[in-house]
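In each ligand, atom 1 is the first atom listed, and ligand 1 is the first ligand listed.
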Amino acid sequence: MSKIIAGNFKSNLNRTQTSQYLQKLDSLVQTSDSKVFIFPSISSMVENNFKHITIGAQNCHYALNGAFTGEVTLEHLNELNINTILIAHSERRNLFGESDEICAKKFEFFKEHNFEIFYCIGENLETRNNKNELEFLANQLSKIDLKYDKLIIAYEPIWAIGTGINASAEQISKSTSYLKSLTNAPIIYGGSVNENNAKEILKISDGILVGSASLNIDKFYQMIKE
Ligand code: PGA
């Protein structure tokens with residue numbers, strides 16, 4: 001199975017920088033058999049019309065349009081031909097108060113509209129130290145349809161995101177094999193993935209979701225080549 005290599009730009013890179021990056025990356029990845037996704041910042045979203053890269057949305061409200069000040073809705077994604085979305089990222093949950101219920105509503109809405117859904121889960125350090133992480137992960141998935149055929153699960157331990165401390169191969173394998181007992185969806189890993197550890201992580205996962213290290217095109221392309 002080809003690997004999923006996804007870059008989450010978060011709130012980085014403006015429109016000009018994003019479009020230069022995407023054009024360059026699209027020409028570089030021509031020979032890769034990985035599936036490459038980029039999630040640009042909301043205001044830098046561009047039409048999903050690249051040959052070798054799929055553009056996804058980092059966030060979207062679960063409505064076609066309407067009175068939702070500050071939100072992007074389905075109508076905006078449709079116009080850009082975007083049909084991939086990231087849901088339940090820990091930054092959305094922890095900084096912007098998105099509960100499991102809200103994440104599940106988004107999941108249902110975008111499932112109804114046939115989107116490819118990257119659904120993020122991951123334990124915090126306290127849960128890991130208490131050795132409750134598997135139960136916690138199962139609970140985070142309990143409100144969504146694990147049989148949805150366009151689901152990709154991104155396992156991203158919160159303590160590994162943006163910290164420079166990635167989960168060990170053993171920790172990733174343990175969580176991944178447990179998640180594989182719950183669903184046939186691909187399980188990708190995110191949390192301090194970079195050009196130095198991507199190769200090892202790709203041996204034990206179906207792909208990677210890369211934050212800060214994806215902002216540098218040379219580093220990100222190196223990960224794709226792995
Ligand atoms: P990071 O972020 O690679 O900077 O740790 C990953 C993510 O939040 O998806």
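- Note on ring orientation: taking the six-membered ring where Trp is involved, the planes of Y21 and F220 are tilted (angle from 30° to 60°).
- A side chain to side chain donor-acceptor pair (under 3.5 Å) check over residues 176-195, counting only residues at least two apart or in different chains, returns the pairs K180-D206.
- Salt bridge R92/E98: present, at least one basic N to carboxylate O contact under 4.0 Å.
- For R128 and E133, the salt-bridge test passes: some basic side-chain N is under 4.0 Å from an acidic carboxylate O.
- Listed by first and then second residue, the ring pair (Phe, Tyr, Trp, His ring centres under 6.0 Å) pairs involving residues 76-104 amount to none (not counting sequence neighbours).
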N or O contacts of ligand 1 with protein under 3.5 Å, please list pair by pair.
{"residue": "ligand 1", "atom": "2 (O)", "partner": "K10", "partner atom": "NZ", "Å": "3.2"}
{"residue": "ligand 1", "atom": "3 (O)", "partner": "G211", "partner atom": "N", "Å": "2.8"}
{"residue": "ligand 1", "atom": "4 (O)", "partner": "S212", "partner atom": "N", "Å": "2.9"}
{"residue": "ligand 1", "atom": "4 (O)", "partner": "S212", "partner atom": "OG", "Å": "2.9"}
{"residue": "ligand 1", "atom": "5 (O)", "partner": "G162", "partner atom": "N", "Å": "2.6"}
{"residue": "ligand 1", "atom": "5 (O)", "partner": "S192", "partner atom": "N", "Å": "2.8"}
{"residue": "ligand 1", "atom": "8 (O)", "partner": "K10", "partner atom": "NZ", "Å": "2.7"}
{"residue": "ligand 1", "atom": "8 (O)", "partner": "H89", "partner atom": "NE2", "Å": "2.7"}
{"residue": "ligand 1", "atom": "9 (O)", "partner": "H89", "partner atom": "NE2", "Å": "3.3"}
{"residue": "ligand 1", "atom": "9 (O)", "partner": "E156", "partner atom": "OE1", "Å": "3.4"}
{"residue": "ligand 1", "atom": "9 (O)", "partner": "E156", "partner atom": "OE2", "Å": "2.7"}

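- With sequence neighbours excluded, the residues forming a side chain to side chain contact (heavy atoms under 4.5 Å, CB included) with E101 are S99, K143, listed by chain and number.
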